Amino acid sequence: MGNLLPLIIQLISGAVGGNVAGSLMKGSSLGTLGNSLAGILGGGLGGQLLGMLGVAAGSGSMDLAGIIGSIASGGVGGGVVMAIIGLIRKAMAK
């Protein structure tokens, strides 16, 4: 359970990050469900990638720094992936 909780935190914060990015980028938003799914994907990938690179402070641990690192890396990863998918979708619609 110790290795699973940071991943769950990253997925949830990725969904939140995806929806925040979608609300900031009205023209590229994928809708609530699309933003959440893209955010979950980005939160999981971004959190794991930053954790492997050692960028996320304390990634994988359950102390306060590890939890904050998981939230930040998941949220940023979710927002970035949602923004990329939204911009690609917008460009293809033209």
Side-chain angles (χ1 to χ4, degrees):
M1 185 69 178
N3 292 335
L4 191 58
L5 192 56
L7 178 62
I8 293 170
I9 292 171
Q10 290 165 354
L11 296 176
I12 292 170
S13 61
V16 171
N19 282 299
V20 168
S23 68
L24 294 175
M25 302 174 59
K26 295 284 187 203
S28 299
S29 178
L30 306 172
T32 304
L33 181 61
N35 292 343
S36 295
L37 291 175
I40 288 170
L41 175 68
L45 292 175
Q48 295 302 311
L49 180 63
L50 291 176
M52 286 190 292
L53 295 174
V55 175
S59 178
S61 62
M62 289 311 304
D63 59 352
L64 185 59
I67 293 171
I68 291 173
S70 292
I71 291 171
S73 62
V76 169
V80 168
V81 168
M82 197 298 302
I84 291 170
I85 292 173
L87 290 173
I88 291 170
R89 183 175 160 248
K90 185 178 179 181
M92 290 178 64
K94 289 184 179 181

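Since the structure is predicted, the reported quantities are computational estimates derived from the model, not experimental observations.
Annotation for L24: hydrophobic cluster partners, listed by chain and number, are V16, V20 (ILVMFWY side-chain heavy atoms under 4.5 Å, direct or chained).
Not counting sequence neighbours, the partners of L87 by the side-chain contact (heavy atoms from CB on, under 4.5 Å) test are M25, S28. Under the side-chain contact (heavy atoms from CB on, under 4.5 Å) criterion, V80 pairs with V76, I84, sequence neighbours left out.
If you run side chain to side chain contact (heavy atoms under 4.5 Å, CB included) between S70 and each of L5, I9, L11, L7, only I9 comes through.
Taking all atoms of both residues into account, the shortest heavy-atom contact from G27 to K90 is O-CD, 3.9 Å.
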Using residues 29-46 as the side-chain source, report each donor-acceptor pair under 3.5 Å to any protein atom, sequence neighbours left out, with the distance given to one decimal.
| from | atom 1 | to | atom 2 | distance (Å) |
| --- | --- | --- | --- | --- |
| S29 | OG | G31 | N | 3.3 |
| S29 | OG | N35 | ND2 | 3.1 |
| N35 | OD1 | L30 | N | 2.9 |
| N35 | ND2 | G31 | O | 3.2 |
| S36 | OG | N19 | ND2 | 2.8 |
| S36 | OG | T32 | O | 2.9 |

